[in-house]
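Below, chains carry the letters A, B, ... as their sequence lines are ordered, and counting in each starts from 1.
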2 protein chains.
Amino acid sequence: MKAATPGADPEPPRRRRMSRAERERQMMDIAEQVFTERGYRGTSMDEIAERCGVSKPMLYEYFGSKDGLLLACMGRAKAELYEVTQKAMAGASTPDDILWRGMVAYFSFIDSHSRPFAMLLQEPLSGPPKTAEAIEETRRQQSELIAGVLRTFAPDAPATAVAAYTQIIVGACERLALWRAGHPELTVEDAARHMTDFCRHGLAPYLK
Amino acid sequence: MKAATPGADPEPPRRRRMSRAERERQMMDIAEQVFTERGYRGTSMDEIAERCGVSKPMLYEYFGSKDGLLLACMGRAKAELYEVTQKAMAGASTPDDILWRGMVAYFSFIDSHSRPFAMLLQEPLSGPPKTAEAIEETRRQQSELIAGVLRTFAPDAPATAVAAYTQIIVGACERLALWRAGHPELTVEDAARHMTDFCRHGLAPYLK
DNA sequence: TGAGTAAGTTACTCGCGGTAGGTTACTGAC
DNA sequence: GTCAGTAACCTACCGCGAGTAACTTACTCA
């Protein structure tokens, strides 16, 4: 049965067969969107399946579980973030410039992916097995980048200080990015400027 | 029926009736522990009820829902954290000392409550309605404290810088505290020192 | 043109959050 | 004492959503 009411075919692009790769991408796009709208817990696999125009077992066929689907979405975002920040920093020359470009790239990325990313950073609790782990992995990836900059920036700093400062900067960026969500008056450049200023001199410039 | 096997009474303290207040406290203690062990999702209300020596509807009677129970646990932790940091800072005189004592109190608190707190900070995603909100509320409370210090510390800093720096510091503390969980060699004092150093001078001391 | 396979489906099970409605035991008034 | 009132507590159930088994449809290529 191709059409119940002959003559009227309201959705010709839907319900078409897709290759696995194509379907997987579509599923991840939709899942990201639904997770963002409803939060992890509020999202049901049935709804994602329905929006994909496909039945639930297909999701399980391709992603194994709800967690697996979330993990796949996160993996994609992680790769994108890494690529964006990495490339931004590669185009710089001085350490100052590296830091600045990295920060701008980071805040811009969060800005354009704000919804999904806010979820990723805020929702590790879904309590799934590996989700928090995956986010930690993303952080580690970004930490490597930052630690590298620090070693260039401050070659004489002891390793433990570099490690601690790396965590401090990662946490600071994350929080500031999340905070910006509720404070649109703070532009990407403002955020980046505050971060770089603070990294370089701390509160010193404001002390009497 | 008081005892199935006469003469043997293996658990006299269990199964006794308790007042509502007493029972609530016990439930929260146990819930905190089980949430910590299994994570939010991995925890079932049946298990908490069983460990309390009580049946599930009692939990619902007192806390309304699983989220409600978590929220109650979080509320308690939040109040404790505030009290501890608040008091520590009240005993100081110079701004430097305020910052130092606040940090030491914060890292010590996380240290002694590390398990439950790691969960609180990492698991906001359970996607419940208000859990993430409650954590945000805790952060706001701590932010007030920090912003106050900053205004004393650096009275000439513009308000937007103070606001941004507050977020930066909150995020940095959080991340460093979480990171410490996997790096026991970093003592509370080390962490506090790195934080206060970074806050005051940033990377400047290490630049050539 | 039909064997093989990849895409897709229906129709279930099961665990867990949540609830309706009833029972047990403590308290205080007469 | 004893009995009304209430607070603590229980058994037995519901529904929803994650996950699965077993089957069907449609493309592809020798």
Can you measure Glu24(A) atom CD to dG8(C) atom P for me and round it to whole angstrom units? 11 Å
Write down the distance between CE (Met58(A)) and P (dT25(D)), rounded to a whole number of angstrom. 16 Å
If you look only at pairs with a residue in residues 179-189 of chain A, which of them pass as a salt bridge (Lys or Arg N to Asp or Glu O under 4.0 Å), with sequence neighbours excluded? Asp111(A)-Arg180(A)
To the nearest angstrom, the CZ-P distance between Arg23(B) and dC10(D) comes to 8 Å
Extract from the structure each pairing of a protein N or O with an N or O of nucleotides 16-18 of chain C at less than 3.5 Å, listing the distance.
from	atom 1	to	atom 2	distance (Å)
dG17(C)	OP1	Thr43(B)	O	3.2
dG17(C)	OP1	Lys66(B)	NZ	3.0
dG17(C)	OP2	Met45(B)	N	3.0
dG17(C)	N7	Lys56(B)	NZ	3.2
dG18(C)	OP2	Tyr60(B)	OH	3.3
dG18(C)	OP2	Lys66(B)	N	2.8
dG18(C)	N7	Lys56(B)	NZ	2.9
dG18(C)	O6	Lys56(B)	NZ	2.9

Sorted by chain and residue number, the side chain to side chain donor-acceptor pair (under 3.5 Å) partners of Glu137(B) (sequence neighbours excluded) come out as Arg140(B)
Would you kindly give the CE-to-P distance between Met18(A) and dC27(D), to the nearest whole Å? 14 Å
Which one, dA8(D), dA11(C), dC10(D), comes nearest to the side chain of Pro57(B)? dC10(D)
Might you list the N or O atoms of the protein lying below 3.5 Å from N or O atoms in nucleotides 2-4 of chain C, with each pair's distance?
none

Can you list the residues that meet the side chain to side chain donor-acceptor pair (under 3.5 Å) rule with Arg193(A), with sequence neighbours excluded? Asp190(A)
Classify the nucleic acid contact of Tyr62(A) as base, sugar-phosphate or nothing, counting any heavy atom under 4.0 Å across all strands shown. sugar-phosphate
For residues 161-170 of chain B, run the donor-acceptor check on the side chains, cut-off 3.5 Å, and write out each pair with its distance to 0.1 Å, sequence neighbours left out.
from	atom 1	to	atom 2	distance (Å)
Thr166(B)	OG1	Val162(B)	O	2.7
Gln167(B)	OE1	Arg175(A)	NH1	3.2

For the pair made of CZ in Arg20(B) and P in dT6(D), what is the distance, rounded to whole Å? 16 Å
Other residues, nucleotides and ligands only: do more than 12 of their heavy atoms fall within 6.0 Å of CZ on Arg25(A)? no
Please enumerate all residues that pass side chain to side chain donor-acceptor pair (under 3.5 Å) together with Glu144(B), with sequence neighbours excluded. none
Separation of dT20(D) atom P from Phe63(A) atom CZ, nearest Å, is 16 Å
Applying side chain to side chain donor-acceptor pair (under 3.5 Å), name anything that partners Glu83(A), two or more places apart in sequence or on another chain. Lys87(A)
Base of dA7(C) paired with side chain of Arg17(A) (donor-acceptor, under 3.5 Å): yes
What is the distance, to the nearest angstrom, from the CD1 atom on Ile48(A) to the C1' atom on dG19(D)? 14 Å
Report yes or no: is the cationic atom of Lys66(A) (NZ for Lys, CZ for Arg) closer than 6.0 Å to the six-membered ring centre of Tyr60(A), at no more than 45° off its axis? no
Rounded to whole Å, the CD-C1' distance (Glu22(B) to dC9(D)) equals 15 Å
Hey, can you pull the donor-acceptor pairs under 3.5 Å for the side chains in residues 96-104 of chain B, sequence neighbours left out?
from	atom 1	to	atom 2	distance (Å)
Asp96(B)	OD2	Arg200(B)	NH1	2.2
Asp97(B)	OD2	Arg101(B)	NE	3.1
Asp97(B)	OD2	Arg101(B)	NH2	3.2
Arg101(B)	NH1	Gly91(B)	O	3.0

